[in-house]
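Here the structure comes first, spelled out in structure tokens, and everything after it is commentary.
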Amino acid sequence: MADPIEPSTSSSDPNSIPIPTAILHPRREPFEHGLLTIQKLIFNDPVQALTPLKQKFASPSTQRVDSAALAELLQISFDHSRLVLETLASVLHSESDPLVTALPDDVDSIGADLRDLILFLYIQSYKRLLPRSHKDSAAVADVWPSMSAFDGYLSALSPLQLVRSNSRRFMPSQADEEAHQLSYLQKHLANILSLLSEHMEGESEESLVLTMEGFEHLGFLIQFGDKGSGGVPLSQAAPFFANSDPDMPAAPVPVSQVHDWLLQTIASSLESITEKVSAKENGSPSGSDQDIAMADASPSSAKASPSARSPCFVEGVSKSSYVKQASDLKSSSIKVINCHDSTIYILAPLRYAIIYGCSDATIVLGAVGKAVRVEHCERVHVIIAAKRVCIANCRECVFFLGVNQRPLFVGDNHKLQVAPYNTYYSQLEEHLTEVGIVSTINRWDEALSISVIDPHDSLSHPAGVSDAQSESATCLDPDQLTNFLIPNWFENESTGSTKDNPFPLPDAYMTSQQRNQKNLSEIKQMLREAPLEENWKRELSSALHVYFKDWLYASGNIRQLYCLQGD
């Protein structure tokens with residue numbers, strides 16, 4: 001449940017601004033899935049850069065910005081303009097916005113709400129929190145290689161070596177990241193409010209006001225309590241809008257009043273978060289701590305979140321098979337972190353998913369309606385049905401995709417392959433419909449690559465490096481594509497109707513599968529009709545079993561048989 005939003009006031013100061021007792025949280029989605037590595041969107045002075053956008057589209061008749069206008073104003077390509085709109089749609093706080101509900105062919109013409117677009121573009125200047133330093137400086141020297149004087153970015157370790165060294169024990173906790181995001185918003189609040197504000201008619205240029213509608217757009221960045229976008233409207237937490245007559249438009253409020261109230265609210269929330277972090281570091285247990293403790297290298301390390309706002313974690317799974325279905329998850333977001341030599345099935349409808357720091361694993365994500373991010377993985381097979389996917393800093397991975405938008409490749413990628421979606425489970429079509437994925441649209445082979453350097457990583461990079469494009473992916477040879485069969489663990493509980501892969505295979509892959517199936521049938525027929533004596537048939541059968549067993553051990557698939565036997 002969300003915290004109750006009841007304003008508290010100081011009895012010693014009759015002019016003090018009421019501060020809600022609920023904690024103000026930053027929305028994670030824009031910071032986790034909404035940052036793009038397009039250099040032209042990183043503004044040294046966001047107010048100066050975005051004011052022309054505000055001035056051009058501020059009139060009531062042009063409150064939305066389409067792809068063409070955005071490309072022209074920001075001097076970016078049409079592909080990048082479309083990417084901005086699609087990314088914004090995936091992290092918007094309002095499910096009823098026309099951009100969220102738009103059909104793929106209508107996205108460019110519908111465009112984005114001006115105020116949401118301004119906030120989205122503004123936070124492109126955000127810098128992520130770096131991993132916390134460790135007390136053992138020698139350990140840190142092994143973890144973070146020194147910056148290369150030649151190329152200006154980390155090159156001594158592979159992405160996975162870096163991640164393995166920086167397990168979550170040394171990465172920023174969720175509470176640390178939240179505090180960092182709130183501090184960013186606190187620092188930039190005056191600029192953000194000025195971009196959302198309006199001038200009062202007949203007043204001086206300094207008389208800036210904020211309407212209730214404009215204030216509600218701050219819900220893109222902040223929220224009260226734990227219910228997220230489904231909770232109390234932001235204006236109901238604000239003393240200057242809370243008691244407005246729903247049948248009458250609320251009077252605009254001076255920006256200075258909104259600024260002071262939000263600053264005090266953020267300061268109060270930061271103080272509360274800091275107390276929780278300090279208590280945790282001092283060993284004091286906290287039932288409300290937003291960081292979910294995970295056991296290392298164990299299937300039991302997946303734990304559901306205490307609230308809908310927090311993601312579920314699957315972490316540290318090693319040399320095991322692991323499955324979660326919809327009834328096992330209490331959150332619509334999931335993070336699969338530091339899992340190795342394993343097969344992981346998340347057979348559920350989700351909004352967001354992050355796969356981070358995994359190796360030598362197969363990971364199946366059911367249906368993700370907003371966005372998936374795969375980062376710092378090596379030799380992983382990922383099977384994804386999603387609206388959109390971003391792949392960053394991965395090596396030697398294969399992605400089997402059923403995606404409605406172009407897959408995005410950023411960062412230092414090497415030897416990646418993409419292939420069409422290749423599996424199903426009984427409830428897949430139901431889950432696809434629930435989260436809004438259209439199985440007749442699959443843009444798996446239309447990769448879009450942007451900068452190899454992430455400008456949000458808080459590291460400095462030499463001039464010119466950011467101009468390099470990320471390495472894209474090659475298409476898997478049609479003869480190499482095989483159907484991935486998901487065991488039906490829940491046959492007695494399953495009510496789904498999906499009997500086959502709902503994403504149509506491209507002709508080349510379908511032809512190859514039909515040819516392989518035909519060859520297999522012919523070989524089976526030849527073996528059945530071979531004029532062999534019984535002892536030779538037994539020897540042939542024994543040899544086939546030996547080779548199959550050798551393949552099971554060599555490929556690691558024997559582990560799945562053991563896990564299925566245990567289940």
Side-chain angles (χ1 to χ4, degrees), residues 158-160 341-345 355 358-365 372 374-386 388-425 428 439-449 452 469-486 500-524 526 544 547-548 550-560:
S158 71
L160 183 61
D341 301 296
S342 299
T343 304
I344 296 169
Y345 307 86
I355 301 172
C358 299
S359 70
D360 302 292
T362 297
I363 301 170
V364 183
L365 293 180
V372 178
V374 185
E375 189 169 8
H376 291 300
C377 291
E378 284 189 357
R379 298 178 304 281
V380 171
H381 285 198
V382 185
I383 305 174
I384 301 171
R388 68 191 313 269
V389 61
C390 176
I391 295 159
N393 304 308
C394 292
R395 299 189 182 199
E396 300 177 40
C397 298
V398 185
F399 299 91
F400 301 88
L401 303 176
V403 288
N404 290 169
Q405 297 175 11
R406 298 178 66 181
L408 181 63
F409 291 83
V410 302
D412 191 18
N413 295 308
H414 293 285
K415 297 181 180 178
L416 304 184
Q417 291 181 295
V418 291
Y421 193 77
N422 67 334
T423 192
Y424 71 93
Y425 57 96
L428 176 58
S439 61
T440 55
I441 300 175
N442 191 0
R443 307 185 70 182
W444 66 275
D445 58 343
E446 301 177 40
L448 177 61
S449 298
V452 73
Q469 269 198 346
S470 177
E471 181 180 312
S472 188
T474 58
C475 292
L476 185 73
D477 188 301
D479 290 335
Q480 299 297 316
L481 181 71
T482 57
N483 291 325
F484 185 85
L485 298 180
I486 298 176
D500 201 357
N501 181 359
F503 291 90
L505 283 178
D507 290 343
Y509 291 86
M510 178 62 75
T511 300
S512 178
Q513 284 208 348
Q514 291 172 344
R515 182 172 61 249
N516 291 339
Q517 188 64 41
K518 181 182 177 182
N519 292 340
L520 179 61
S521 298
E522 291 177 352
I523 290 173
K524 286 181 178 179
M526 288 172 58
L544 290 174
Y547 281 117
F548 180 62
D550 288 345
W551 174 82
L552 284 174
Y553 279 101
S555 65
N557 288 312
I558 190 66
R559 189 182 305 118
Q560 292 195 60

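- With hydrogens and angles ignored, the 3.5 Å screen pairs no side-chain donor or acceptor of Ser512 with any backbone N or O of Ala508.
- How far CD of Gln417 is from SG of Cys397: 10.5 Å, rounded to the nearest 0.5 Å.
- Under a 3.5 Å cut-off, the side chain of Thr423 and the backbone N or O of Phe484 do form a donor-acceptor pair.
- Atom-to-atom distance recorded for Glu396:CD and His381:NE2 is 10.5 Å, nearest 0.5 angstrom.
- The structure places CG of Leu481 at 6.5 Å from CG of Leu505, a figure rounded to the nearest 0.5 Å.
- We find the CZ-CD distance between Arg443 and Gln405 to be 8.0 Å, quoted to the nearest 0.5 Å.
- Between Tyr509 and Cys475, the closest heavy-atom pair is OH-CB, 4.0 Å.
- Interatomic distance, Thr440 OG1 to Asn404 CG, rounded to the nearest 0.5 Å: 8.0 Å.
- The shortest heavy-atom contact between Asn393 and Asp412 is OD1-N, 2.8 Å.
- Considering Val418, Val364, Leu476 as possible partners of Phe400, the one that fulfils the side-chain contact (heavy atoms from CB on, under 4.5 Å) test is Leu476.
- The side-chain contact (heavy atoms from CB on, under 4.5 Å) test with Pro407 singles out one residue from Leu448, Leu401, Val374, Leu416, and that residue is Leu401.
- Residue Asp507 qualifies as open at atom CG: its count of foreign heavy atoms under 6.0 Å is 12 or below.
- For the pair Arg406 (side chain) and Ala447 (backbone), a donor-acceptor distance under 3.5 Å is present.
- Using a distance-only test at 3.5 Å, with no hydrogens or angles considered, a donor-acceptor pair links the side chain of Asn413 to the main chain of Cys394.
- Shortest non-hydrogen contact noted between Ile355 and Cys377 is CG2-SG, 3.9 Å.
- Of all heavy-atom pairs spanning Ile441 and Phe503, the tightest one is O-CE2, 4.2 Å.
- Under the 3.5 Å distance criterion, the side-chain polar atoms of Asn501 are matched with a main-chain donor or acceptor of Tyr421.
- Note: Lys518 NZ to Gln513 CD = 16.0 Å, rounded to the nearest 0.5 Å.
- The two atoms that bring Asn442 and Gly402 nearest to each other are OD1-CA, 3.4 Å, heavy atoms only.
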